[in-house]
Amino acid sequence: MSTPIPVTVIGGYLGSGKTTMVNHLLRNANGLRLAVLVNEFGELPIDEGLIEAQDDDIISIAGGCVCCSFGSDLTGALMDMAVLHPRPDHLLIESSGVAIPSAIVGSLSLLDGFRTDGIVILADAETIQASANHKYMSDTVLRQIADANIVVLNKTDLVNEERLGATFEWLANQNPDVRIVKAYYGKVMPDVVLDSFLGKASGVGPSHHTADIDVMTLDIEGRVDVENLARALADSENGLIRAKGFVTSLCGQKMLIQVVGSRWETSNASDSMKDGIVCLGFKGEVLQGLKMLVNSMTVETVPQG
Amino acid sequence: MSETIIYSAQKIITMNPSRPNATHVAVQGGRILAVGDLTELETWGPYRLDESFADKILMPGLVEGHAHTMEGTLWRNVYCGFFDRADPDGKTWDGVKTIQAIQDRLIEAEAKLTDPDAPLSGWSLDPIYMDNKRVTRADLDKVSSTRPIGILHASGHILNVNTKALELGGLLKPGINHEGIPLGTDGLPTGELFGPDTMTPVGVHVGFNRSMTDSDEQGLRDFAKLCVRTGVTTITDLAARLEPDGVESMLKVTNEETYPARVVPLQIFMGATAKETVDKVIGLKARATDRLRLGRIKAVADGSIQGFSARVRWPGYHNGAPNGLWYTAPEQLAELYRLALAADVQVHTHTNGDEATEMVLDTLGPALKDVPSPDHRFTLQHCQLADAAQFRRMDKLGMCVNLFANHHFYWGDEHYRLTVGPERATRMNACRTALDTGVPLAIHSDAPVTPLGPLFTAWSAVNRLTASGRTQGEHEKIEVSEALRAITIGAAYTLHMDDEIGSIEVGKKADFAVLEDDPTEIGGANLKDVRVWGTVQGGRIFAAADL
Ligand SMILES: [Zn+2]
């Protein structure tokens with residue numbers, strides 16, 4: 001069986017900038033075949049120049065990307081995606097403004113051929129707290145934040161430093177495990193949203209980078225307790241947004257580690273993969289400390305035979 | 001000029017307050033030329049007297065304001081409901097009361113299938129009436145272990161399948177962690193699947209495919225047969241996707257010379273923007289025919305009460321379940337309402353919980369200030385938990401309501417005991433309050449969720465009995481005459497069609513329910529037992545016995 005398609009669920013209340021961010025990702029797909037499932041096409045301002053073909057339910061975009069609308073039938077659209085040729089490298093689900101993202105992840109878990117690559121929630125820096133107090137939408141908005149692995153705090157240009165800081169704090173209080181990345185116009189480093197970018201030169205101009213995010217590779221020599229390492233990488237103390245890479249377990253099995261915020265998973269991998277973990281994290285925080293952490297968890301390779 | 005036919009009847013209940021009863025009705029070219037006694041009608045000149053209804057009671061053709069054409073399609077599956085129910089061909093299927101009886105019925109149907117891989121599909125299951133004993137995959141494996149089997153519940157939101165079906169759908173595996181999939185002691189799914197996301201992967205293997213809400217041509221014809229058998233001449237398809245192919249086949253079928261019903265499909269607001277939806281419906285409206293009334297929208301605010309997905313206000317669900325789900329955000333509804341009001345497109349909005357109703361009232365109010373629309377008749381559908389204050393607001397905003405009277409019978413006990421508790425269960429579907437407040441009222445079956453049959457629906461609203469036989473909400477009962485209004489001119493009003501249908505008076509469509517018994521004489525307790533001979537629709541006669 002081929003490796004499952006990674007799926008990122010992109011949620012957030014109306015007006016938080018989900019569509020703008022999805023467009024940004026499509027423009028910067030850089031050779032990755034992205035498939036996007038949207039609730040509706042209406043608001044999707046895909047650059048005209050990018051559209052190659054369009055019919056009722058599917059838009060083909062230059063570079064092998066596709067965009068499909070699913071209306072009320074997400075599961076059905078996913079079943080279509082699973083047999084799509086050529087196969088997408090990564091799937092984005094842009095959920096409706098009132099959807100509960102964990103429910104989407106639950107449904108996704110039932111289908112073979114997909115792997116959840118985390119929940120990214122957009123929050124409008126100017127209005128998120130008001131939305132969280134909305135007469136009708138309060139619990140929906142709070143559940144979305146609680147479900148998030150990563151929050152993209154968007155439209156930061158619309159509020160002053162002080163207000164931004166307060167909103168950041170408030171978000172962190174709502175979900176202590178979440179990683180919060182600031183952005184405006186939905187311009188976020190694609191690596192933050194998509195695991196598939198991680199470790200590849202994403203080729204996105206520096207203007208798109210959030211200045212405070214760093215990528216580094218941890219070289220690993222020797223065997224590690226894989227689950228403990230993955231758990232440590234996902235610990236919010238370590239300030240990582242994402243991590244992905246290969247390690248050798250204590251019993252010599254090559255393993256893949258994937259971390260999104262506090263969500264982590266490990267799976268068996270092919271022996272030919274080279275050990276090392278690509279980490280995406282906040283600059284200056286604790287990336288350097290990770291080296292020590294990894295060293296402390298690594299045991300010397302015992303010579304075979 | 002076409003011939004004038006005068007029908008005599010034992011009694012004509014006109015629903016026209018200026019002339020409530022008559023003995024004769026003159027029909028010309030599918031319309032009512034005159035109503036009265038023969039001497040009055042003769043003044044219109046030459047006529048042919050047709051005495052075939054001389055011993056019948058004529059009422060205006062009944063109007064079902066909330067149903068789904070899917071009922072026609074579902075009858076091709078094995079009926080597994082608890083209550084007796086008549087199919088489009090007039091055969092009444094006994095309700096199945098035990099799991100053993102369900103198995104027996106499925107085994108009988110299974111024996112008739114020739115293709116060993118063909119799925120076996122059933123519908124209308126409801127374990128609530130069987131002491132909530134759940135059907136398991138092992139139960140269905142006894143019918144067949146090699147052929148996929150699926151039974152859809154009455155609510156439409158739960159599917160029971162056998163082991164083979166789970167296997168084909170990729171769900172026969174350990175480690176599933178999903179609230180919609182209960183697991184057995186062996187760690188594998190029990191075979192009960194809750195909600196569309198869990199039903200879809202397996203549903204496609206048991207004959208319930210993704211477009212099952214779109215009725216096909218045979219389904220539309222079967223649906224119309226049910227209309228004739230229940231006295232219905234105009235019926236809604238409340239929430240259609242109206243894909244181009246679907247519209248073509250609806251136009252084709254309803255245009256057939258012998259198609260006996262007027263179908264009013266409402267475009268569902270889901271998966272497209274408000275603007276796209278309104279634009280599409282304006283386009284559809286231009287294609288409307290007499291028997292296919294395109295051009296209305298249905299929005300959905302929340303889920304269902306028994307599924308705990310309805311949005312309820314404080315103090316929430318009686319059993320402590322968390323509040324339900326929004327299906328449409330207020331901002332989206334606000335945009336839809338503004339655009340639709342401006343374009344004179346009517347919107348019906350599904351609300352079940354009282355918080356959802358409140359949200360719609362809060363949203364429509366400001367939209368009406370922006371786009372003043374004195375006669376919009378936007379309608380709340382189901383609206384089951386609304387309280388008196390909300391009915392007063394509906395009145396002020398010019399809204400109509402279509403209450404789910406049948407639901408009270410089928411699930412009233414469940415609401416009393418579990419979902420919302422005694423007080424709110426007692427006020428559910430508050431027909432009396434609606435009328436006393438002046439809110440135009442219709443009542444509905446939501447077929448296929450409950451059986452189509454406006455006279456049964458009227459009985460439900462008059463008696464407010466639950467399935468266990470309790471009267472629930474004595475003070476929300478309505479009179480027989482009021483209930484009969486609700487299933488004729490009342491429902492017509494909510495569709496903005498009361499100028500054409502809903503009463504027997506000059507100028508209107510010659511649409512009649514032809515009855516063997518007089519619903520105004522039989523007594524409220526027996527209203528559901530009124531026998532239906534058939535209908536007259538647009539002047540064409542349809543005898544149920546000849547379908
Ligand atoms: Zn319905």
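Within every chain, numbering begins at 1; the chains are lettered A, B, ... in the order of the sequence lines, protein sequences first and strands thereafter.
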Interface moiety of B:Gln332 toward chain A, non-hydrogen atoms closer than 4.5 Å
both

Are there over 12 heavy-atom neighbours, none belonging to A:Tyr185, within less than 6.0 Å of that residue's OH?
no

How long is the gap from CH2 on B:Trp326 to CD1 on A:Ile100, to the nearest 0.5 Å?
12.0 Å

So B:Asp362 and A:Lys135, side-chain contact (heavy atoms from CB on, under 4.5 Å) or not? Walk me through it.
CA-CA 11 Å; B:Asp362 281 357; A:Lys135 179 178 177 189; 2.8 Å; yes

So, the part of B:Ile181 with a heavy atom under 4.5 Å from chain A: the answer is side chain

Which bit of B:Lys275 is near chain A, if near means a heavy-atom gap under 4.5 Å: side chain, backbone, both or neither?
neither

To the nearest 0.5 Å, what is the distance between CG on A:Leu111 and CG on B:Leu171?
8.0 Å

Kindly compute the distance separating CZ (A:Arg143) from CG (B:Leu325), expressed to the nearest 0.5 Å.
6.0 Å

Are any of the side-chain heavy atoms of A:Val98 and B:Thr328 separated by less than 4.5 Å?
no

What verdict does the side-chain contact (heavy atoms from CB on, under 4.5 Å) test give for B:Arg241 and A:Asp73, after you've listed the backbone C-alpha separation in whole Å, the side-chain angles of each residue and the deciding distance to 0.1 Å?
CA-CA 12 Å; B:Arg241 299 192 307 165; A:Asp73 184 18; 6.0 Å; no

Is A:Ser96 close to chain B through its backbone or its side chain, or both, or neither, when contacts mean heavy atoms under 4.5 Å?
neither

If you count heavy-atom pairs under 4.5 Å between each of A:Asp139, A:Thr140, A:Leu108 and chain B, which one has the most?
A:Asp139

Looking at B:Glu179, I'd like to know if its CD atom is crowded, meaning that more than 12 non-hydrogen atoms belonging to other residues, nucleotides or ligands lie closer than 6.0 Å.
no

Using 0.5 Å steps for rounding, measure from the CE atom of B:Met359 to the NE2 atom of A:His134.
8.5 Å

Are B:Asn177 and A:Ser109 close enough that some pair of their side-chain heavy atoms sits under 4.5 Å apart?
no

Test side-chain contact (heavy atoms from CB on, under 4.5 Å) on B:Arg311 and A:Tyr136; report intermediate values, then the result.
CA-CA 9 Å; B:Arg311 291 291 309 196; A:Tyr136 297 113; over 6 Å; no

Can you confirm whether A:Asn39 sits close enough to B:Met270 that some side-chain heavy atom of one is under 4.5 Å from a side-chain heavy atom of the other?
no

Before you tell me yes or no, could you show the steps for A:Leu110 and B:Ile176 under side-chain contact (heavy atoms from CB on, under 4.5 Å), namely the whole-Å CA-CA distance, both residues' side-chain angles and the distance that decides it to 0.1 Å?
CA-CA 7 Å; A:Leu110 301 177; B:Ile176 288 178; 3.8 Å; yes

Side chain, backbone, both or neither: which part of A:Tyr13 has a heavy atom under 4.5 Å from chain B?
side chain

Non-hydrogen atoms of chain B under 4.5 Å away: do they reach the side chain of A:Leu14, the backbone, both or neither?
side chain

